[in-house]
2 protein chains.
Amino acid sequence: MSDLVERLRGRGWRMTSQRRVVAEVLNGDHVHLTADEVHARAARLLPEISRATVYNTLGELVSLGEVIEVATDGRAKRYDPNAHRPHQHLVCSACGTVRDVHPAGDPLADLPPEERFGFTVSAVEVTYRGLCPSCA
Amino acid sequence: MSDLVERLRGRGWRMTSQRRVVAEVLNGDHVHLTADEVHARAARLLPEISRATVYNTLGELVSLGEVIEVATDGRAKRYDPNAHRPHQHLVCSACGTVRDVHPAGDPLADLPPEERFGFTVSAVEVTYRGLCPSCA
DNA sequence: ATCCTACGTTAGACAGAGTTCAGGTCAAGA
DNA sequence: TCTTGACCTGAACTCTGTCTAACGTAGGAT
């Protein structure tokens with residue numbers, strides 16, 4: 001994720017302290033923070049950062065394909081920096097914890113043409129639900 | 001869906017005009033209304049019905065397993081009365097339209113034990129995304 | 001090194017979806 | 001018919017997220 005800053009600069013991104021801090025907060029594996037959590041952590045490094053900037057920056061990172069938006073429940077979206085490798089999500093129904101998982105098979109191939117109703121299908125999301133070890 | 005009223009009464013549900021109207025509105029195949037749409041249609045039959053009652057009733061139907069909640073995106077949740085037959089959803093990224101689909105294969109079987117991280121996996125949701133014929 | 005300016009940031013108002021609450025209403029059993 | 005606890009209502013409220021107008025600044029131009 002540290003070369004992310006370089007990739008973004010190469011794409012003409014103006015680098016600001018706010019954007020750097022948001023990228024820093026999203027660093028790591030199995031990170032699935034909500035926008036508010038990103039804002040809270042970013043504010044520990046840069047107290048004046050505003051909510052609007054966090055939302056703007058996250059939206060830009062999503063458009064650039066550097067971060068994936070995950071809607072695990074009806075609540076706030078979560079942001080997943082692990083956009084390099086395709087993966088799915090395993091969500092604990094009790095505490096909301098999210099894990100990245102890598103199932104076998106290709107769900108897109110499982111949808112036959114006659115079940116597509118003329119849609120141009122471009123993506124598929126799989127969400128596994130259950131109880132994590134601590135909640136079971 | 002008409003025997004739904006009987007099933008609910010059998011479970012000790014107090015039957016009111018409001019609940020009857022919400023159940024009526026949800027009748028049919030490929031129905032995926034938002035709470036607001038349910039409220040609008042219910043209000044045509046029972047003008048004084050309140051939003052809170054619609055939300056309460058939908059929530060109860062979901063807990064009872066009679067209706068499935070579909071979180072299509074950042075938008076409003078949709079409510080799917082087709083809870084009897086297992087199925088997945090195909091969502092238009094542009095207009096939010098939802099279709100029920102029946103893919104081949106079992107996504108649960110595609111998640112090997114070493115990818116479950118000790119979770120007790122009990123369910124899986126698959127959401128296909130793309131453009132519907134009108135939006136393409 | 002400094003200046004310019006277009007791009008970025010900020011605070012706060014706003015909007016959509018959903019929840020809560022106090023008080024009035026009514027389904028259904030006695 | 002009476003009673004009562006479950007149900008309904010409307011309004012205020014919370015939570016997420018977006019928009020706007022004024023201000024700040026990164027980085028190329030000079």
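Each chain gets a letter, A, B and so on, in the order the sequences are listed, and its residues count up from 1.
- For C/dT10, the OP1/OP2 oxygens have a side-chain nitrogen or oxygen of A/Q18 closer than 4.0 Å.
- Using modelled atom types and a 3.5 Å distance limit, the side chains of B/H30 and B/H32 yield no donor-acceptor pair.
- Note: CG (A/D36) to C1' (D/dT18) measures 14 Å, nearest angstrom.
- With D/dT9, C/dA17, D/dC15 as the choices, the nucleotide that has an atom nearest any side-chain atom of A/R75 turns out to be D/dC15.
- Per the geometry, CD belonging to A/E48 stands 8 Å off P belonging to C/dA11, to the nearest Å.
- Of the candidate nucleotides D/dC8, C/dG18, C/dT9, C/dG18 has the atom lying nearest to any side-chain atom of B/K77.
- Within the 4.0 Å cut-off from OP1 or OP2 of C/dA17, not a single side-chain nitrogen or oxygen of B/T34 is found.
- Atoms OH (B/Y55) and C1' (D/dC13) sit 14 Å apart, rounded to a whole Å.
- Considering only the side chain of A/R14, C/dA6 comes nearest among C/dA11, C/dA6, C/dT9.
- Side-chain atoms of A/T34 never come within 3.5 Å of backbone atoms of A/K77 as a donor-acceptor pair (strictly under, hydrogens ignored).
- What separates CZ of B/R11 from P of D/dA6 is a distance of 19 Å, to the nearest Å.
- The residue among B/M15 and A/L46 whose nearest nucleotide of DNA chain C lies closer to the 5′ end is A/L46.
- In this structure, the side chains of A/R85 and A/D100 stay at 4.5 Å or more apart for every pair of heavy atoms.
- Along DNA chain C, the nucleotide nearest A/S17 and the nucleotide nearest B/R9 are compared for position; the residue whose nucleotide lies closer to the 5' end is A/S17.
- As rounded to whole Å, 17 Å separates atom P of D/dG28 from atom CH2 of A/W13.
- The hydrophobic cluster containing A/L90 also contains A/V126, counting ILVMFWY residues as joined when their side-chain heavy atoms lie under 4.5 angstrom apart, directly or transitively.
- Rounding to whole angstrom units, CZ of residue B/R51 and P of C/dA15 are separated by 15 Å.
- The side chain of B/T16 approaches D/dC7 more closely than any other nucleotide in the set C/dT9, D/dC7, C/dT20.
- Distance CG (B/L8) to P (C/dA28): 12 Å, rounded to an integer number of Å.
- The two residues A/C132 and A/C92 make their nearest non-hydrogen contact at N-SG, 3.4 Å.
- Comparing C/dA17, D/dC8, D/dG10 by their nearest atom to the side chain of B/A52 picks out D/dG10.
- Protein atom CD of A/E60 is 10 Å distant from nucleotide atom C1' of C/dC7, rounded to whole Å.
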